[in-house]
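Labels below follow one simple rule: chain letters A, B, ... track the order of the sequence lines, proteins then strands, and each chain is numbered from 1.
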2 protein chains.
Amino acid sequence: MPYSNFASMPCTLSRPAALLGERWTLLLLRQIFLGTRRFEDFQATMDISRSVLTDRLNVLLQENVLKRVPYHEDGRTRHEYRLTEKGRDLYPVLMALRTWGEKWMAPDEEESFHLHHRDCGGGVRAKVECTECAAELTARDVQVTARQ
Amino acid sequence: MPYSNFASMPCTLSRPAALLGERWTLLLLRQIFLGTRRFEDFQATMDISRSVLTDRLNVLLQENVLKRVPYHEDGRTRHEYRLTEKGRDLYPVLMALRTWGEKWMAPDEEESFHLHHRDCGGGVRAKVECTECAAELTARDVQVTARQ
DNA sequence: TAGCTGAGTTCGAAAATCGAACGCAAGGGA
DNA sequence: TCCCTTGCGTTCGATTTTCGAACTCAGCTA
């Protein structure tokens with residue numbers, strides 16, 4: 001099975017993993033969550049080649065993670081890339097990466113930005129919980145059952 | 001900046017994103033969390049080319065996400081790849097992907113496996129919360145502040 | 001001695017990515 | 001009107017990754 005087939009596997013983990021597991025896609029989403037919206041700005045801040053940037057943006061548009069929104073500047077109509085609701089829902093994925101990065105990849109606490117809860121100023125953390133008892137779960141607390 | 005430089009950026013999100021954003025890496029981790037541990041089994045279940053599999057396993061070993069553990073079979077010593085504590089801590093990332101996949105990529109509820117909390121049988125869900133007030137957070141609830 | 005098996009390594013072909021140049025439409029200014 | 005700039009891509013040849021099949025090697029087993 002080539003890589004691309006994971007994108008159509010009947011598995012709700014492998015399909016997102018195949019989509020976001022393409023080179024640049026996670027970094028592109030990071031940039032979007034940090035507020036970048038325009039082609040030129042992605043190109044400038046990430047130094048990704050223009051053709052690959054075009055491709056990744058198109059894949060995310062096609063998957064309905066992003067949408068193109070027209071806007072006006074200097075009396076001209078242009079387009080910017082913005083998250084859809086589906087795209088905004090990827091926030092926990094990025095936050096899980098960051099929570100992990102803070103714990104395991106930050107020897108000197110350096111960070112390029114801070115995150116705060118607007119209402120109370122607290123920090124931000126991703127976690128896994130049980131939908132019934134609301135306990136926080138680790139891999140060891142979870143039983144995997146193969147279907148069929 | 002080439003892709004590889006994100007791996008050394010002073011950002012606790014971009015470094016994990018660059019590491020897990022390489023082709024095959026997320027799918028490999030999925031397989032590991034599902035219990036696969038041996039080279040031949042990765043190769044058989046994912047149909048990844050042997051040389052790329054070698055490379056990805058080595059990167060994860062080097063990052064201390066995986067460790068090689070000797071075991072005996074048929075009186076021979078072999079090695080298997082197992083998660084370290086750092087690796088097990090990636091569970092929320094995979095669960096965030098799955099939570100998203102269930103909501104947005106499962107038109108007919110099909111799944112190749114089920115997950116249950118061992119203690120109470122409940123489902124599993126990733127979420128983002130405030131470290132102070134424990135409120136569940138979305139991207140809109142969080143303020144981004146650039147450092148420096 | 002020969003064969004099998006798990007775990008890679010090697011290597012030529014194919015695919016993805018890169019960087020630099022080009023295209024193009026919509027202003028703005030002369 | 002003509003030329004220049006800007007934002008957003010597209011094209012294309014060179015480089016890097018990935019692929020797939022064959023090869024290697026060590027330790028059993030027959």
Could you go over nucleotides 28-30 of chain D and give all protein N or O partners under 3.5 Å, atom names and distances?
| unit_1 | atom_1 | unit_2 | atom_2 | d |
| --- | --- | --- | --- | --- |
| dC28(D) | OP1 | G75(B) | O | 2.9 |

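For the pair Y81(A) OH and dG7(D) P, the interatomic distance rounds to 14 Å; values are reported in whole Å. Nucleotide dC19(D) holds its C1' atom 10 Å from the CZ atom of R23(B), rounded to whole Å. In this structure, the NE2 atom of H79(B) is 14 Å from the P atom of dA26(D), given to the nearest Å.
Of all non-hydrogen atoms in L94(A) and L13(B), the two that sit nearest each other are O-CD1, 3.5 Å. Heavy atoms only, all atoms of each residue included: F6(B) and W24(A) are closest at CE1-CZ3, 3.6 Å. Looking at every heavy atom in both residues, C133(B) comes nearest to C130(B) through N-SG, 3.4 Å.
Nearest to the side chain of W24(B), among dT18(D), dG8(C), dT17(C), sits dT18(D). Listed candidates were dT6(D), dT5(C), dT18(D). Nearest to the side chain of E22(B) is dT18(D).
Between the two ends of the helix from dT1(C)-dA30(D) to dA30(C)-dT1(D), each summarised by a five-pair axis, the helix axis turns through 10° (rounded to 10 degrees).
If you chain together hydrophobic residues whose side chains sit under 4.5 Å apart, L26(B) and V144(A) fall into the same group. In the hydrophobic clustering of ILVMFWY residues, with side-chain heavy atoms under 4.5 Å counting as a link, L61(B) and L27(B) come out together.
Pairs passing the ring pair (Phe, Tyr, Trp, His ring centres under 6.0 Å) check and including a residue from residues 112-133 of chain A, sequence neighbours excluded, do not occur.
In this structure F42(A) satisfies the ring-ring contact (aromatic ring centres under 6.0 Å, His included) test with no other residue, sequence neighbours excluded. Taking the side chain to side chain donor-acceptor pair (under 3.5 Å) definition, one finds that T36(B) meets it with Q31(B), sequence neighbours left out.
Contacts between residues 33-57 of chain B and DNA chain D, counted as heavy-atom distances below 4.0 Å, involve S49(B), R50(B), S51(B), V52(B), R56(B).
Under the 3.5 Å distance criterion, the side-chain polar atoms of W100(B) are left unmatched by any main-chain donor or acceptor of Y91(A).
For the residue pair Y71(A)/R38(A), the side-chain donor-acceptor check at 3.5 Å is satisfied.
Mapping R78(A) and Y3(A) onto DNA chain D via the closest heavy atom, the residue that lands nearer the 5' end is R78(A).
Here the CZ-CZ distance, from R82(A) to R37(A), works out to 3.5 Å after rounding to the nearest 0.5 Å.
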